[in-house]
Structures are given as structure tokens and as C-alpha cells.
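As the structure lists them, so they are numbered: ligands from 1, and atoms in each ligand from 1.
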Amino acid sequence: MPFPLDRPRRLRRTPQLRRLVRETRLRPEDLIHPAFVREEVDEPVAIAAMPGQFQESHDSLVRAVDDAVRLGIGAVILFGIPATKDAQGSQAWADHGVVQTAIRRLRHEHGDACVVIADCCLDEYTDHGHCGVLREDGSVDNDATIELYARTAVSQAAAGADIIAPSGMMDGQVAAIREALDEAGFEETAILAYSAKYATVMYGPFRSAADSAPRHGDRRSYQMDVANSREAMRETLLDIEEGADMVMVKPALTALDIVSRVRDQTDLPLAAYCVSGEYAMLEAGAAAGAFDRRAAVLETLTAIRRAGADLVLTYHARDVARWLAEEA
Ligand code: PBG
């Protein structure tokens, strides 16, 4: 009977040894907290499809972000829920729109202590729910849409956003936003491009939270086909050429292979978005007793980091930061 010479188990013998050789670490500063801010509400409104998450009022948003800052979380990304919607999504670039007001408020309260990312898209603001403006035949007009993204980005930068995150998957959106920001004097405002964003059922809870489900059709003419991998590389390289400062893969759990491939393609900071449906799956599994909630969330986020993501957008950010503080 030959004995094994190489014994990897030597390094797994105690928790201390395992900690010593751990390759991937989760830290609060790697996490980005997605927050919904809703116009014309005084109290946070619970989101039924995302247990534990809320549509924040302007006041409760400040408290939630206060919490995130104290926990050491890296950044917040803001999604607005306006009181009124129209065909163009004009509240997206309104000077006193829901997100612009929130950004100014956070800047005022927290200065630079909190990195503020503004999601830049139209679906929460259009009455038809698509991420762009429509032609007469109902299709999304790419070039008309990116002009509106550029206006939105400038208004968000003017309000004080550190980073603009275009999520609409229109061609040329990063270049259009970069040019508009530079022209308006916001050369220092960065762009986090949702580069490889798939058309997935996993956005369902977000759409009910933001009331942004398309009223007709679907998003498959702009978001990517789940079956494609090489196309994700093409999208990412285009965004980098167009001037993205950071890139993102979305969703995370069903796209870990894409996270890994993008990691190999770029040295830019890489984010992965563990989306609303992935959050809901973890919560439902834990509630059904399938696994321990805390262990499942920590394992999942560690796997996303292991695949190559520097940063993880997760609705569990504050929970995780609290658990990490308890362990330390
Ligand atoms: C679109 C946008 C969506 C999400 C973030 N930005 C929804 C969509 O594309 O339908 C989804 C995030 C999530 O599911 O957590 N602006």
C-alpha cells in the first residue's frame, strides 16, 4: 500500500492553519450596498419579494447609509423610484429628481466618507418600463437613448456622485457618457460599466421593488443571451475602449465563469452583482431550513470573490459586514 507523499490535508488541520492559507478574503470594503430610494414616502416601505430590504425614504436612506459607512462598506449604489413616470423617463435627469436629491443629501451628510455610485438607466423612470426610449414600432432606439443616459449621468455627477454606473446595455453608452461628463467639467467622475449584463429571470424581485418590469415585450434585444460567453468578452473590451474605469458582470451566481474570464481579460477593478433573485433564493433557502443563512451567504460571496471579482454588489452587504465584525 503506497502512502501519499503530497498531503494537502496538513494545511487543513486546524482553523488557524486554514485561516493562514486562505486564498480569498471577504472584507466590508469589498462590498457595495444597493439602495432603493423612493420619492414622496416618509417611511421605508418593505419590499415583499426581497425580505429584509426596503424602498427608503430620503431620511431613512441617510440612516441606512450611515449604518453602511460605520460598518466599513465600500460604496452604495442608488436606484430611484420616482413619483411620476413618462415615455422618455425624464425624471432620470431632473435636477431635483429622486436620485439627484438623495446624492446631494448623502454628500451633505457624509462628505467623502461614503463612495456614492449612481445607477444610470431609464427603466425605473419610463412608463413602459424599458431601459430606453421607444420607436413607433416599440423597439428601443439605441442612439436616442444614449443621449438621455448622457444627460442623466451629467445630472448625477452635478449632484455629487463619485461614480456613474450605466446599466442599460445600449451600444456606445460608455463613450457617450464619458464625452458628456468631460464636456460638462466632470473629468474626475468615474464610470463603472455594467459590461456583461445578461437577460435573466433573476432580476424579478428588483423589478417589483422598482416597479420597472417592461409593460410589453422583454429586454432581450439589449441585455445578453445567457447562452453566450464570448460575447461577454466583446462587450467588456468595448466598454474598456470607450473609457470605463471599472467593469461589472451581472448576475453573479449564474455567471461565475464570466467573472473568471473577464478577470483574465482586464486589470481594471471588476465588480460582480449578486442580484435580487439570487438574494431571494438565499433567503428562501434559509427560511425553508435548507441551510444556515449566515453560512450560505458567506460561502456564496466568497465564491464570487474567488471567481475573480474585486467587488461584490450584494443586498446582504450590511449583514455580512456585521458578521465579519463579530468574527474579528
Ligand atoms: C436596470 C437594472 C436592473 C437591475 C439593476 N439595474 C433590472 C433590469 O435590468 O431589469 C437588477 C438588479 C437586481 O436584480 O438586483 N436599470
Side-chain angles (χ1 to χ4, degrees), residues 31-37 47-55 75-82 85 89 91-93 97-99 117-133 140 145-146 148-149 152-153 156 161 163-170 173-174 177 191-226 235 247-255 271-284 297 300-301 304 311-317:
L31 305 177
I32 298 175
H33 167 65
F36 299 95
V37 55
I47 301 170
M50 301 173 70
Q53 301 298 311
F54 296 86
Q55 298 174 333
V76 297
I77 182 165
L78 298 179
F79 298 95
I81 305 164
K85 307 192 185 212
Q91 283 302 304
W93 61 86
V98 58
V99 158
I117 306 175
D119 182 85
C120 180
C121 198
L122 295 181
D123 59 318
E124 296 111 49
Y125 302 91
T126 53
D127 51 15
H128 45 74
H130 276 286
C131 296
V133 283
V140 172
T145 297
I146 61 178
L148 301 181
Y149 288 178
T152 302
Q156 293 168 334
I163 302 174
I164 308 297
S167 65
M169 289 301 280
M170 297 298 138
Q173 62 184 13
V174 173
I177 288 171
I191 298 176
L192 163 59
Y194 287 69
S195 296
K197 175 172 172 180
Y198 286 92
T200 160
V201 296
M202 293 293 163
Y203 306 149
F206 175 100
R207 290 178 191 171
S208 69
D211 184 28
S212 67
R215 305 292 182 270
H216 68 86
D218 55 41
R219 303 211 203 288
R220 290 175 194 279
S221 78
Y222 39 105
Q223 299 178 352
M224 282 182 42
D225 188 333
V226 167
E235 284 283 5
V247 293
M248 193 200 299
V249 172
K250 176 181 175 194
L253 297 185
T254 56
Y273 197 148
C274 192
V275 299
S276 57
E278 298 176 325
Y279 172 86
M281 283 202 295
L282 285 163
E283 290 296 318
V297 171
T300 302
L301 298 184
I304 297 169
L311 303 168
V312 185
L313 291 84
T314 168
Y315 301 96
H316 284 115

Would you call the rings of Tyr194 and Tyr273 parallel, tilted or perpendicular if under 30° counts as parallel and over 60° as perpendicular?
-> tilted

Where is the tightest heavy-atom contact between Ile77 and Asp119, given as atom of each residue plus distance?
-> CG1-N, 4.0 Å

Take the angle between the ring planes of Tyr315 and Phe36 and call it parallel below 30°, perpendicular above 60°, tilted in between.
-> parallel

Tyr203/Gln223 under side chain to side chain donor-acceptor pair (under 3.5 Å): CA gap, chis, key distance, verdict | CA-CA 12 Å; Tyr203 306 149; Gln223 299 178 352; 4.9 Å; no

Residue shell around ligand 1, heavy atom under 4.0 angstrom = Phe79, Asp119, Cys121, Asp123, Glu124, Ser167, Lys197, Met202, Tyr203, Phe206, Arg207, Arg219, Gln223, Lys250, Tyr273, Val275, Ser276, Tyr315

Donor-acceptor pair, side chain of Thr314 and main chain of His33, under 3.5 angstrom = no

Given salt bridge (charged side-chain N to carboxylate O under 4.0 Å, His left out), test Lys85 with Asp211 step by step and report yes or no.
-> CA-CA 10 Å; Lys85 307 192 185 212; Asp211 184 28; 3.7 Å; yes

